[in-house]
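A short write-up of the structure that comes next.
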Amino acid sequence: MTFRAPKGTDDILPPASRTWRRLLLMWEDWAARYGYDLVLLPFFETTEVFARGVGESTEVVQKQMYTFEDKGGRSLTLRPEGTASVVRAFLETGADGILKAAYSGAMFRYERPQAGRRRQFYQVGVEYLGSRAAAADAEVIELGYRYLTDAGVPGLSVLVNSIGDRVCRPAYLEVLKEYLKERRAVLCDDSLTRLESNPMRVLDCKVCAPRLSDAPSPVDHLCMECATHYDEVRAALRDMDVPYEEAPRLVRGLDYYERTAFEYVATDLETAQNAVGGGGRYDGLAELLGGKPVPGVGFALGLDRMVLTLFEVEELEPLDVYIVVAGDRRGDGAKLASNLRYEGIRTDLDVEGRSVKAQFRAADRRGAATALVVGDEWDDGRVVVKDLATGRQEVILKEEVAAWTRRT
RNA sequence: GUGACCGUAGCUCAGUUUGGUUAGAGCGCCGGGUUGUGGUCCCGGAGGUCGCGGGUUCGAAGCCCGUCGGUCACCCCA
């Protein structure tokens, strides 16, 4: 073996790829049901889009970006997430009003790979741009929940929180910092650093959190507008029968979030990375990117992690027909295959000149419903059709083959 | 970036404890048994620089050192 896929990347081959295709098709359907339209955006952006959008202080920007210089001397970065690009694209159009965008595709982060964490990973997501309404938050959260449920992710729970906005968060952060400074002695090294750079992150530090059970929560320090918004989001979720848990310690790792923050967790997953999706509101992001104010809310779901939760029987895509050629009837078999394929019937055949027995075995392995034998009967305009499930076979006119394979 | 564990056939693994002659199994793959019939069964076959490099030794898959790769966890996040 001379070459391997780069560290942290996966080749998703059949039959496993069928699961992925299923999830992607299902995603398109659910996004469309809620009125989200597809957007196809660049896989790389000007580095500044992420540096400013996602936030200089974040782990993602500080150490996980695939940044490179192109031949024109521009600093570009492979997208580590989708939201900043969608907002950038919306601002670039100069349009007003609402955009409900759905996307799917690969994201890139330079990290040490482990279960559920790859350097190239796949997300599906939506962004609801142009609305501050709590109903938008609730709709987005519901969509993710319905899709994940339909996809079959087991042990799903929806965690929600509100982390305040530009009005109330600064005051809260002061309160939190005071609290944390009094407890410097029990904080780990990472948390001591975060105390200055991003104090809310200390709340979900696995090491420190147990010792900080009485820490002030963002939800207890919301301004009137944020509190009302959060109440409305939760009320709407209840109205739509979306089960959720309030998670006062839930803090997201990207700087642009404010107000609503939420996460979808696959509690059955025994690996460490059991968050299959996350999102929130980001009313300040457009301005961080130098644009006019555009409120928004959205989420991203990790397909790799969804797949980890699924235990699917993996089999190749079944065929309708496998053509077995006897003697030197290969040309006739190929012609029949061509006709059937034109008719929309999934057809395959051997091109290696293998034995009839080997061809039947191949038909079976490929899960073909029907085998056709092209032999001497062909001269009378007939072929043998065999139902591989029952083993029954008969000789019919070749013009009748398409109809015969569609008989059930 | 830190730590732990693991690298033997396409896949899953045995063999390493006590170094010893042509390195094994199951599954998969190919062929035959059925000169035009699969899924079961029987027979046969192909396929391995034992991750790589160096060292110790009469002799290394096995012991030592290094290196590369993988996995899981921390960190962080989807």
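Source: prediction; values computed, not measured. We name chains A, B, ... by the order of the sequence lines, and we start the count at 1 in each one.
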Sugar-phosphate, base or nothing in reach of A/Val324, heavy atoms under 4.0 Å: nothing
Sugar-phosphate only, base, or nothing, as touched by A/Ala115 at under 4.0 Å among non-hydrogen atoms: sugar-phosphate
Sub-6.0 Å ring centroid separation between A/Phe108 and A/Tyr110: no
Integer angstrom distance from the C1' of B/G47 to that of B/G31: 15 Å
Rounded P spacing from B/C75 to B/G70 in Å: 22 Å
Student check: side-chain heavy atoms of A/Val385 and A/Thr405 closer than 4.5 Å: no
Sugar-phosphate, base or nothing in reach of A/Leu303, heavy atoms under 4.0 Å: nothing
Touch class at under 4.0 angstrom, heavy-atom based, for A/Arg392 against every strand present: nothing
Value in whole Å for how far the P atom of B/G69 lies from NZ of A/Lys7: 6 Å
Proximal nucleotide (of B/A78, B/G31, B/G36) relative to the A/Arg117 side chain: B/A78
A/Glu139/A/Lys100 ion pair, N-O < 4.0 Å: yes
First encountered from the 5' end of RNA chain B, between A/Asp304 and A/Ala368: A/Ala368
P spacing across the pair B/G32 / B/G36, given as an integer number of angstrom: 11 Å
Side-chain-base donor-acceptor pair under 3.5 Å for A/Glu59 and B/G1: no
Carboxylate-amine/guanidinium proximity below 4.0 Å for A/Glu263 and A/Arg252: yes
Atom C1', compared across B/C65 and B/G26: separation rounded to whole Å: 36 Å
Nearest-angstrom distance, P atom, B/G10 to B/C52: 13 Å
Touch class at under 4.0 angstrom, heavy-atom based, for A/Glu377 against every strand present: base
Atom C1', compared across B/U8 and B/C50: separation rounded to whole Å: 4 Å
Interatomic distance, A/Phe360 CZ vs B/U37 P [rounded to whole Å]: 8 Å
Nearest-nucleotide comparison on RNA chain B, the residue closer to the 5′ end among A/Tyr110 and A/Gly278: A/Tyr110
B/C41 and B/U22, which share atom name C1', separated by this distance in whole Å: 31 Å
Cationic N near anionic O, under 4.0 Å, A/Arg329 to A/Asp376: yes
Sugar-phosphate, base or nothing in reach of A/Arg252, heavy atoms under 4.0 Å: sugar-phosphate
Sugar-phosphate, base or nothing in reach of A/Arg361, heavy atoms under 4.0 Å: sugar-phosphate
Salt-bridge present (A/Glu258, A/Arg166; N to O < 4.0 Å): yes
Sugar-phosphate only, base, or nothing, as touched by A/Gln393 at under 4.0 Å among non-hydrogen atoms: base
Donor-acceptor pair present, A/Glu270 side chain and B/C72 base, under 3.5 Å: no
Sugar-phosphate only, base, or nothing, as touched by A/Arg112 at under 4.0 Å among non-hydrogen atoms: base
Dump every N/O contact between nucleotides 40-47 of chain B and the protein below 3.5 Å, one line per pair.
none

Side chain of A/Gln114 (C-beta onward), nearest among B/G31, B/A73, B/A78: B/A73
Sugar-phosphate, base or nothing in reach of A/Gly279, heavy atoms under 4.0 Å: nothing
Any N/O donor-acceptor pair, A/Asp364 side-chain to B/G39 base, under 3.5 Å: no
A/Arg88 to A/Phe90 six-membered ring, cation-pi geometry met (6.0 Å, 45°): no
Sugar-phosphate, base or nothing in reach of A/Glu263, heavy atoms under 4.0 Å: nothing
A/Ser355 side chain near B/G32 phosphate (N/O to OP1/OP2, under 4.0 Å): yes
Sugar-phosphate only, base, or nothing, as touched by A/Ala5 at under 4.0 Å among non-hydrogen atoms: nothing
Pairwise C1' distance, B/C72 and B/G15 [rounded to whole Å]: 26 Å
Sugar-phosphate, base or nothing in reach of A/Thr58, heavy atoms under 4.0 Å: nothing
A/Asn274 CG to B/C72 C1', straight-line distance once rounded to whole Å: 15 Å
Over 12 foreign heavy atoms within 6.0 Å of CD, A/Glu352: no
Shortest non-hydrogen contact between A/His221 and A/Pro216, atoms and distance: CE1-CB, 3.7 Å
Check: A/Trp30 ring centre within less than 6.0 Å of A/Tyr36 ring centre: no
Touch class at under 4.0 angstrom, heavy-atom based, for A/Glu81 against every strand present: nothing
hbond_proxy A/Gln273 side chain to B/A73 base (donor-acceptor, 3.5 Å cutoff): no
